[in-house]
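Please read the structure below before turning to the comments.
Values in this document were obtained by computation on a predicted structure and should not be read as measured data. These values consider heavy atoms only, across backbone and side chains, with no hydrogens, waters or symmetry-generated copies. Labels below follow one simple rule: chain letters A, B, ... track the order of the sequence lines, proteins then strands, and each chain is numbered from 1.
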Amino acid sequence: MNYWLLKTEPNEFSIDDLQALGPGIEPWDGIRNYQARNIMRDDIKKGDLAFIYHSSCKLVGVAGVAKVVEEAYPDPAQFNPKSKYYDPKSTKETPRWVCIGVTFVERFKEVIPLAEIKQIPTLSAMVLVNRGRLSVQPVRPDEWNTIMDMKE
DNA sequence: GCCAACGTTGGC
DNA sequence: GCCAACGTTGGC
C-alpha cells in the first residue's frame with residue numbers, strides 16, 4: 001500500500017465536495033501533465049491512500065484523505081470537445097490521458113497549512129516542498145505519519 | 001496580480 | 001536533439 005498527494009483547487013473541487021459524495025466515486029480527471037499521468041497509470045493502486053491538497057486558494061494545505069477505488073482508465077474528458085480538458089490529439093485507440101477513481105475517507109477539522117509543513121525538518125524532503133508544480137505526487141510513509149500527527 | 005520555476009512546443 | 005519562446009502552475 002502506497003501514499004499519494006492529489007492537488008485540487010477548492011474552487012473547482014474541494015474536500016467538502018468529496019465528502020458530500022459519501023461513498024460515491026469521484027473521477028480524478030483533467031490531469032494533463034505527463035509525470036503526473038505516469039504516476040497514476042503505473043504506480044497508483046486500488047486501496048492506496050491520498051492526501052487531498054487545496055492549492056491556489058486562501059488556505060493552502062492538506063485538507064483530508066481519499067482512498068483509491070479505481071485504477072487508471074482513459075480520462076473521458078479528453079474525448080469531449082466541450083470539456084476544457086479536451087485533447088484533439090488524443091484518440092480512443094491510443095488515449096493519452098488517464099484518471100483514477102477516489103472516494104472520501106476523512107476531512108481534517110482544519111486544513112494543515114503548507115507554511116506549517118514547510119517548517120517541519122523531517123518533511124523537508126517532501127515533493128510538495130521541493131517541487132511546487134506536480135499535481136499527483138508520492139508521499140513517503142514517514143511523511144504521511146508526520147502529517148497525520150499534525151492534525152488536531 | 002506578480003513572478004519564479006518549470007513544462008511544452010516548434011523551428012532549425 | 002537543441003534551445004528559445006511561450007504557456008501554466010501555484011505560492012505569496
Side-chain angles (χ1 to χ4, degrees), chain A residues 2-21 26-44 48-68 71-102 104-140 142-152:
Chain A
N2 288 305
Y3 298 107
W4 311 96
L5 181 145
L6 303 173
K7 288 188 187 173
T8 180
E9 299 189 11
N11 301 335
E12 307 272 328
F13 186 84
S14 72
I15 189 72
D16 295 320
D17 297 322
L18 186 62
Q19 184 170 30
L21 290 178
E26 172 68 14
W28 208 260
D29 59 0
I31 303 295
R32 294 293 179 270
N33 168 284
Y34 288 104
Q35 202 177 345
R37 177 205 64 182
N38 293 348
I39 291 171
M40 291 202 294
R41 188 189 58 194
D42 304 332
D43 301 328
I44 298 188
D48 286 354
L49 293 175
F51 285 135
I52 299 299
Y53 176 87
H54 285 177
S55 71
S56 298
C57 58
K58 268 191 182 167
L59 225 182
V60 169
V62 178
V65 176
K67 184 181 181 178
V68 177
E71 295 182 8
Y73 62 95
D75 180 348
Q78 69 194 308
F79 306 123
N80 178 5
K82 288 184 183 151
S83 168
K84 67 171 176 175
Y85 299 121
Y86 177 59
D87 184 348
K89 292 181 194 159
S90 183
T91 64
K92 296 217 171 181
E93 290 71 35
T94 54
R96 181 177 295 195
W97 306 109
V98 300
C99 59
I100 55 173
V102 302
F104 175 78
V105 173
E106 176 179 0
R107 178 192 186 279
F108 295 165
K109 226 169 144 192
E110 306 208 354
V111 171
I112 299 169
L114 175 62
E116 218 168 289
I117 290 171
K118 282 182 172 169
Q119 284 170 16
I120 311 285
T122 50
L123 296 179
S124 62
M126 273 194 87
V127 179
L128 182 68
V129 175
N130 289 305
R131 257 207 63 202
R133 309 187 323 152
L134 187 60
S135 52
V136 176
Q137 50 180 262
V139 175
R140 298 198 317 234
D142 60 297
E143 293 165 347
W144 180 275
N145 292 332
T146 301
I147 288 178
M148 290 302 265
D149 286 343
M150 291 168 74
K151 288 188 297 174
E152 282 198 24

Applying ring pair (Phe, Tyr, Trp, His ring centres under 6.0 Å), name anything that partners A/F51, two or more places apart in sequence or on another chain. A/W144
For each nucleotide in nucleotides 5-12 of chain C, reading 5' to 3', give B when a protein heavy atom comes within less than 4.0 Å of its base, S when such contact involves only the sugar-phosphate, and - otherwise. --BBBBSS
Could you work out, with side-chain contact (heavy atoms from CB on, under 4.5 Å) as the rule, every residue matching A/N2, not counting sequence neighbours? A/W4, A/D48
Checking A/D17 now: which residues fulfil side-chain hydrogen bond (donor to acceptor under 3.5 Å, both in side chains) with it, not counting sequence neighbours? A/S14
With sequence neighbours excluded, residues passing side-chain hydrogen bond (donor to acceptor under 3.5 Å, both in side chains) with A/K89: none
All N/O donor-acceptor pairs, side-chain side in residues 122-134 of chain A, below 3.5 Å, sequence neighbours left out:
{"from": "A/S124", "atom 1": "OG", "to": "A/P121", "atom 2": "O", "distance (Å)": "2.9"}
{"from": "A/N130", "atom 1": "ND2", "to": "A/S124", "atom 2": "O", "distance (Å)": "3.0"}
{"from": "A/N130", "atom 1": "ND2", "to": "A/A125", "atom 2": "O", "distance (Å)": "3.2"}
{"from": "A/N130", "atom 1": "ND2", "to": "A/M126", "atom 2": "O", "distance (Å)": "3.0"}
{"from": "A/R131", "atom 1": "NH1", "to": "A/Q35", "atom 2": "OE1", "distance (Å)": "2.9"}
{"from": "A/R131", "atom 1": "NH2", "to": "A/R133", "atom 2": "O", "distance (Å)": "3.1"}

